[in-house]
*Asks:* 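This structure is in structure tokens; I'll ask about it shortly.
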Amino acid sequence: MDFTATLLAWYDENKRSLPWRNSRNPYEIWLSEVILQQTRVEQGLPYYERFLKNFPTVFDLAKADEDTVLKLWQGLGYYSRARNLHHTAKIVVQDFGGIFPNTYEDLLKLKGIGSYTAAAISSFAYHHPNAVVDGNVFRFLSRYFGIYTPINTGIGKKEFESIANTLISHKFPADFNQAIMEFGSIQCKPNRPDCGACVFVAECIAYRDNVIHLLPVKGKKSAIKDRYFYYLYIEKGKEMALHKRTDNDIWKSLYELPLIELDSAVSMEDLQESDEWKRLFHRTKIVVQSCSEKIIHKLSHQAIHAVFIHLVVKKSDVFPSDFIWIKKEYHHTFAVPRLIENFLIHRLAKR
DNA sequence: GATTCGTGGGA
DNA sequence: TTCCCAAGAAT
């Protein structure tokens, strides 16, 4: 058997049953692919079900508020995906009458759709022979062919896409793409794959050379930056303050507690000497109720050192206009980062 | 083209 | 504890 026949035979025997498989609805495929970007199937699956239930069609998604979309996305991370998803839904409805583009090139023009997702939609929905290259495909092909080009470079990406596009079955492009990703995910795993059970072991260059654990090659990752967040849980009667993040930074468009960010860890005394603290509270006498232990929230490239400070202020106190005052019991209707959600649910609920 | 965008699970 | 990394894309 040749490569494709071997792969498709393996897939037929070993494929998982997943809700977006066998769908040829471009909206459902697009939704699943965006949710699954840099996300494990098990983590993304419940989000896929919820999105499809709340937004059965692209028209439903297009007419929703961005805040509603972000709330449904809460906890999944990489929130630009949700904003781009919503933006693209509106484009598809307004410019294309709700019909998705059906070529790789036109799909690539949409926000949130890169080379992988364009290939996925064009092959799964329209059976066009565009090869998907995700992390699973990088790993499998780098080992099978013994390729040491770093996969996280432009050169590497082009090289592997070129190879995948020469391999892809023109008769079964959708099944081929599903199969090669499934194979990388289930059989050609990152750690200690069971090469004795592999249908490609006889031809695998990395196995022959005993370098399975060295492939794929990746360039070094950038350093982790430390940041120091002092979050203010400000109570004013039955209300509390929130703030919406708008900068091009982590958690853009999500809500959070009012924040003082400093460039180092400081004591409560020093915090109250900071310019931002004075700007917020110079005209009022606030009462500091309590202060949490430092919580270290780890992201891919940042470590957030967070402290939550509980304050009580008077009805007459005035604060910046970008503060949003909400009834305390409504906090769960706002999309917030996990760090904030954990505080609101666990710490706050204990009172 | 190197960096930056979250979160959670497993070794 | 720490590190890796998972159906990538935008800048």
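Quantities reported herein were computed from a predicted structural model and do not represent experimental measurements. Note on naming: letters A, B, ... go to the chains in the order of the sequence lines (proteins, then strands), and numbering restarts at 1 for each one.
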*Asks:* Write down the distance separating the P atoms in dC4(C) and dT3(B), rounded off to the nearest Å.
*Replies:* 16 Å

*Asks:* Please report the distance, rounded to the nearest Å, between OH in Tyr47(A) and C1' in dG8(B).
*Replies:* 10 Å

*Asks:* May I ask you to list the residues of residues 158-171 of chain A, by number, that have any heavy atom positioned under 4.0 Å from an atom of DNA chain C?
*Replies:* none

*Asks:* Give the rounded distance in Å between these two atoms: CD of Glu256(A) and P of dG6(B).
*Replies:* 12 Å

*Asks:* What distance, rounded to whole Å, do you find between the two C1' atoms, one in dA2(B) and one in dA7(C)?
*Replies:* 23 Å

*Asks:* Is there a side-chain polar atom (N or O) of Lys298(A) under 4.0 Å from OP1 or OP2 of dG8(B)?
*Replies:* no

*Asks:* Could you tell me how far apart Leu299(A) (CG) and dT3(B) (P) are, to the nearest whole angstrom?
*Replies:* 18 Å

*Asks:* Got a salt bridge between Arg338(A) and Glu341(A), using NZ or NE/NH1/NH2 to carboxylate O under 4.0 Å?
*Replies:* yes

*Asks:* Mind checking if Gly219(A) touches a base, just sugar-phosphate, or nothing, with heavy atoms under 4.0 Å?
*Replies:* nothing

*Asks:* So with a 6.0 Å cut-off around CG of Asp275(A), is the heavy-atom count from everything else above 12?
*Replies:* no

*Asks:* Parallel, tilted or perpendicular for Phe140(A) and Phe3(A), by the 30°/60° rule?
*Replies:* parallel

*Asks:* What is the per-nucleotide protein-contact pattern of nucleotides 5-11 of chain C, from the 5' end, where B denotes a base atom under 4.0 Å from a protein heavy atom, S denotes such proximity for sugar-phosphate atoms only, and - denotes neither?
*Replies:* BBBBSS-

*Asks:* Would you kindly compare Arg192(A) and Trp251(A) by the position of their nearest DNA chain B nucleotide and give the one closer to the 5′ end?
*Replies:* Trp251(A)

*Asks:* What integer distance in Å separates His297(A):NE2 from dT2(C):P?
*Replies:* 16 Å

*Asks:* Apply the ring pair (Phe, Tyr, Trp, His ring centres under 6.0 Å) test between Trp73(A) and each candidate in Tyr48(A), Phe51(A), Tyr47(A); give the one that qualifies.
*Replies:* Phe51(A)

*Asks:* According to the interplanar angle, ranging from 0 to 90°, do the rings of Phe100(A) and Trp30(A) count as parallel (below 30°), tilted (30 to 60°) or perpendicular (above 60°)?
*Replies:* tilted

*Asks:* Under a 4.5 Å cut-off applied to non-hydrogen side-chain atoms, are Leu167(A) and Phe176(A) in contact?
*Replies:* yes

*Asks:* Is the Phe308(A)-Tyr233(A) ring centre distance short of 6.0 angstrom?
*Replies:* no

*Asks:* Where is the tightest heavy-atom contact between Asn102(A) and His128(A), given as atom of each residue plus distance?
*Replies:* O-CE1, 2.8 Å

*Asks:* Send over the distance from Leu45(A) CG to dG9(B) P, rounded to a whole Å.
*Replies:* 14 Å

*Asks:* Check whether any side-chain nitrogen or oxygen of Lys221(A) sits under 4.0 Å from OP1 or OP2 of dC4(C), and answer yes or no.
*Replies:* yes

*Asks:* dT11(C) and dG6(B): how far apart are their P atoms, nearest whole angstrom?
*Replies:* 14 Å

*Asks:* Relative to the ring of Phe183(A), is the ring of Phe200(A) parallel (under 30°), tilted (30 to 60°) or perpendicular (over 60°)?
*Replies:* perpendicular

*Asks:* Select from Arg227(A) and Thr153(A) the residue whose nearest nucleotide in DNA chain B is closer to the 5' end of that strand.
*Replies:* Thr153(A)

*Asks:* Mind calculating the distance between NZ (Lys225(A)) and C1' (dT3(B)) to the nearest angstrom?
*Replies:* 12 Å

*Asks:* State yes or no: are the ring centers of Tyr230(A) and Trp277(A) separated by less than 6.0 Å?
*Replies:* no

*Asks:* Gln302(A) near the nucleic acid: base, sugar-phosphate alone, or nothing, with a heavy-atom cut-off under 4.0 Å?
*Replies:* sugar-phosphate

*Asks:* Need one value for Asp249(A): base, sugar-phosphate or nothing, where a base atom within 4.0 Å counts as base even if backbone is also close, heavy atoms only.
*Replies:* sugar-phosphate

*Asks:* To the nearest angstrom, how far is Glu341(A) atom CD from dT7(B) atom P?
*Replies:* 9 Å

*Asks:* I want to check one thing: is the phosphate of dT7(B), taken as OP1 and OP2, less than 4.0 Å away from some side-chain N or O of Trp73(A)?
*Replies:* no

*Asks:* Expressed in angstrom and rounded to an integer, what is the separation of Tyr79(A) atom OH from dC5(B) atom P?
*Replies:* 13 Å

